[in-house]
Amino acid sequence: MSTSTDSIRNVAVVGHGSTGKTAFVEHLLFTGGTISKPETVESGKTVSDYTEEEIANKQSVHATLSNLQWKDGKINIMDTPGASDFVGEVVAALRVCESAAVMVAARAGVQIETIKIWRRLDARNKPRIVFVNKLDEDMADFSRALADLNEKFDTSFVPVTIPMGTGSDFQGIIDLVEMKAYPVPGDGAKETATDIPDEFKDQAEEARAALLESAAEGDDDLLTKYLEEETLTDDEVRTGLAEGMGDNKIVPVLCGSATLTAGLTAFLDVLTTAGPSPARVTETSVSEDGAEEEFPIAADAPLAALCFKTRIDQFSGKLSFIKMVGGKLSHDSELYNSREGKKEKLSKVYTSQGKKIDETSELVAGDIGVLTKINSAKVNDTLSSPDHPVTVKPVQLPQPVHAVAIEVSDRKAEDRLAEMLHRAQEEDLTFTVEQNEETKETVISGMGELHLNMILDKIKQSQKIDVETKLPKVAYRETIQKTADASYRHKKQSGGHGQFGEVVIKIF
């Protein structure tokens, strides 16, 4: 299917751990028809969590790319980890996505990682949607979660869907744009729109009125009409939401239960109609002298792509994940790596569904895809047209905060360990390896104990290397704090007048 820049939506699914991000993505892919059956995190068969460490720990470690088709458009989804140790994956995903879906558990409300991610979104002025998840759990409360959002963050939250009951009484959601109900579907089924039950009509009408007012505030013309007529059409509501979300004036709030496939149809509709496309934003190029210049993401611009992630696949070799920021990329394109000053010839272009890559005819500006066997490409490299070389502003990743010294008892394994550490460092720029010349130790650093343990456990299992960790030694140094004077005279009697020597020293 041919894809245009205007029809693409790139969204990063972010939030605190255990808010249901992976299940949310899994059921989105099912709703969009990408997969025929959604799997559970416990089964170890989800599209997003496919690595051994993710399956064993039942939590996301890497940002995983997948996609679906919805209403003649393409949606690229980046499922991100919730633990702070893997924040580098979240930062990379936010760099290449025009919007974020912030997951909030209906019972727990706003948690610490959600607050930290929200600050990152604010720093980037990134549009976002909130999805209040797990409404089928005991003690779930949509109104309380919404109040918590309003208390924690200074922005205008606009409910676009509301629940029909909560906890064991959760029956589905009401779409306030269409004014239709979407009951919880049966096992293996997808949502179907129905009329709003009588018991929820008054609540829906009240919430719809608040939505109309908020949507009108997103556009001056709509506000004028709303003040005169006190109503808007469904399309005008969508326009108001798109303008308000794109300018970060409002944050749409949706709700449901990912594991029940409830509330996901409305989410995809809102993301498609109100979420910003890559054509709405600009990219930034950096010259050799550090000067920055903004340029639009457009298919008719010179070819340019940012490599934001790399992964080594046992079958396909090195995978380079790229965000197209200009032009079109096909299998016969020639690329220029501005950092290496080297040309690369492509053989194939791919899209990604988790660990599976699918060949595609081309990638257009704004799309996210995968290249194979581009050995020169590293994270933050720009791949562009040889005729129009460009360097795109890199991903600004956080610096490591936790370090340990490592050693192996088997000296024969040192070379293999060094190779695996180098590979991990290339794939994850928040992980560093240093040979300390003063202490003669190998020191690895990352974003936390869990981060480093995951990397070492992977090396131990794949290479059968026993790696020991310990606190790094510190090379202590003393320094002069103030000036001082001293003198000493040494006398030696050997008959006659004798001899002496005098030393004068001054420290400053």
Side-chain angles (χ1 to χ4, degrees), residues 1-13 28-29 31-34 65-78 93-101 126-129 219 234-235 238-243 245-247 252 265 267-285 294-308 320-335 346 348-353 357-371 382-385 387-388 390 392:
M1 180 182 292
S2 178
T3 303
S4 66
T5 302
D6 285 335
S7 66
I8 294 172
R9 299 293 183 271
N10 299 313
V11 61
V13 180
L28 284 179
L29 296 175
T31 301
T34 299
L65 173 65
S66 57
N67 67 86
L68 59 88
Q69 298 290 330
W70 191 257
K71 295 188 175 179
D72 299 325
K74 180 181 181 181
I75 299 177
N76 289 312
I77 307 170
M78 295 291 294
L94 293 177
R95 172 65 179 83
V96 298
C97 292
E98 287 73 40
S99 63
K126 185 82 65 177
R128 66 215 73 167
I129 300 173
D219 183 89
D234 292 354
D235 285 341
R238 296 184 183 100
T239 299
L241 287 175
E243 292 298 324
M245 180 180 171
D247 295 336
T265 297
F267 172 84
L268 291 173
D269 285 344
V270 171
L271 179 63
T272 301
T273 57
S277 76
R280 186 184 173 108
V281 302
T282 58
E283 263 295 344
T284 304
S285 63
E294 291 189 350
F295 63 93
I297 297 178
D300 57 359
L303 173 61
L306 172 67
C307 177
F308 67 94
S320 301
F321 291 78
I322 60 167
K323 165 70 177 293
M324 292 292 298
V325 296
K328 296 181 180 180
L329 183 66
S330 58
H331 64 88
D332 58 351
S333 298
E334 189 175 46
L335 295 173
L346 292 184
K348 294 180 180 179
V349 181
Y350 300 90
T351 58
S352 173
Q353 297 290 359
I357 56 174
D358 300 314
E359 187 176 353
T360 186
S361 58
E362 68 175 14
L363 295 173
V364 302
D367 209 348
I368 302 175
V370 183
L371 305 180
T382 301
L383 305 173
S384 56
S385 169
D387 299 329
H388 297 86
V390 66
V392 177

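Along the sequence shown, residues are numbered consecutively beginning with 1.
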Q. Checking side chain to side chain contact (heavy atoms under 4.5 Å, CB included) for the pair Ser277/Ile8: CA distance, chi angles, key distance, verdict?
A. CA-CA 6 Å; Ser277 76; Ile8 294 172; 5.8 Å; no
Go through the steps for Leu29 and Gln353 under the test side chain to side chain contact (heavy atoms under 4.5 Å, CB included), then give the verdict. CA-CA 10 Å; Leu29 296 175; Gln353 297 290 359; 4.2 Å; yes
Exercise. How far apart are the C-alpha atoms of Thr351 and Ile368, what are their side-chain angles, what is the distance that settles it, and do they pass the side chain to side chain contact (heavy atoms under 4.5 Å, CB included) test?
Worked result: CA-CA 7 Å; Thr351 58; Ile368 302 175; over 6 Å; no
Give the intermediate values and the outcome of side chain to side chain contact (heavy atoms under 4.5 Å, CB included) for residues Glu334 and Leu346. CA-CA 6 Å; Glu334 189 175 46; Leu346 292 184; over 6 Å; no
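Residues passing the salt bridge (Lys or Arg N to Asp or Glu O under 4.0 Å) test with Asp358 are Lys356, sequence neighbours excluded. Under the rule for a side chain to side chain contact (heavy atoms under 4.5 Å, CB included), the partners of Ala299 that lie at least two apart in sequence or sit in another chain are Thr5, Lys328. For Asp332, the side chain to side chain donor-acceptor pair (under 3.5 Å) partners two or more places apart in sequence, or in a different chain, are Ser330. With sequence neighbours excluded, the residues forming a side chain to side chain contact (heavy atoms under 4.5 Å, CB included) with His388 are Pro302, Ser385, listed by chain and number. Legend: residues meeting salt bridge (Lys or Arg N to Asp or Glu O under 4.0 Å) with Lys126, ordered by chain and number and at least two apart, are absent. For Thr282, the side chain to side chain contact (heavy atoms under 4.5 Å, CB included) test picks out Glu294, with sequence neighbours left out. By the side chain to side chain donor-acceptor pair (under 3.5 Å) test, Asp387 is found to be paired with no residue, residues two or more places apart in sequence or in another chain being considered. Remark: Glu283 engages Arg95 in a salt bridge (Lys or Arg N to Asp or Glu O under 4.0 Å) (not counting sequence neighbours). In this structure, the side chain to side chain donor-acceptor pair (under 3.5 Å) partners of Asp247, at least two apart in sequence or on a different chain, are Arg280. For Phe308, the ring-ring contact (aromatic ring centres under 6.0 Å, His included) test picks out no residue, with sequence neighbours left out. By the side chain to side chain donor-acceptor pair (under 3.5 Å) test, Asp219 is found to be paired with no residue, residues two or more places apart in sequence or in another chain being considered. Partners of Ala242 by side chain to side chain contact (heavy atoms under 4.5 Å, CB included), not counting sequence neighbours, listed by chain and number: Ala274.
Using a 4.5 Å heavy-atom cutoff, the side chains of Val392 and Ser285 are not in contact. Put simply, the side chain of Val96 does not reach to within 4.5 Å of the side chain of Asn10, judged on heavy atoms. Contact of the Trp70 side chain with the Asp269 side chain is registered, since non-hydrogen atoms from C-beta on lie closer than 4.5 Å. Contact of the Ile322 side chain with the Leu363 side chain is registered, since non-hydrogen atoms from C-beta on lie closer than 4.5 Å. Taking 4.5 Å as the limit, some side-chain heavy atom of Leu268 sits within range of a side-chain heavy atom of Ile75.
Here the shortest heavy-atom pairing between Leu94 and Ala12 reads CD2-CB, 3.9 Å. When every heavy atom of Lys348 is checked against every heavy atom of His331, the shortest pair comes out as CA-CB, 4.0 Å. Closest non-hydrogen pair, Phe295 versus Val325, comes out as CE1-O, 3.6 Å. What you find for Pro278 and Glu98 is that their closest heavy atoms are CG-OE1, 3.6 Å. In terms of heavy-atom proximity, Ala279 sits nearest to Asp6 at CB-OD1, 3.1 Å. Residues Pro276 and Pro127 approach most closely at CG-CG, 3.9 Å, considering heavy atoms.
No donor-acceptor pair under 3.5 Å is formed between the side chain of Ser333 and the backbone N or O of Leu329. One N or O on the side chain of Ser352 and one on the backbone of Leu65 form a donor-acceptor pair closer than 3.5 Å. A donor-acceptor pair is defined here as one N or O able to donate and one able to accept, closer than 3.5 Å; such a pair exists between the side chain of Arg9 and the backbone of Gly275. A distance-only check finds no donor-acceptor pair linking the side chain of Ser7 to the backbone of Thr3 [under 3.5 Å]. In terms of modelled atom types and a separation under 3.5 Å, the side chain of Thr34 and the main chain of Asn67 share a donor-acceptor contact. A donor-acceptor distance shorter than 3.5 angstrom exists from the side chain of Ser384 to the backbone of Val390, with no hydrogens or angles considered.
Distance check, rounded to the nearest 0.5 Å: SG of Cys97 to CG of Asn76 gives 7.5 Å. Cys307 contributes atom SG, which lies 8.0 Å from atom CG of Leu371 (distance to the nearest 0.5 angstrom). The line from NZ of Lys74 to OG1 of Thr272 is 14.0 Å long, rounded to the nearest 0.5 Å. The NZ atom of Lys323 sits 12.5 Å away from atom OG1 of Thr382, with the distance rounded to the nearest 0.5 Å.
Of the residues Leu68, Thr265, Val11, the one that meets the side-chain contact (heavy atoms from CB on, under 4.5 Å) test with Leu28 is Leu68.
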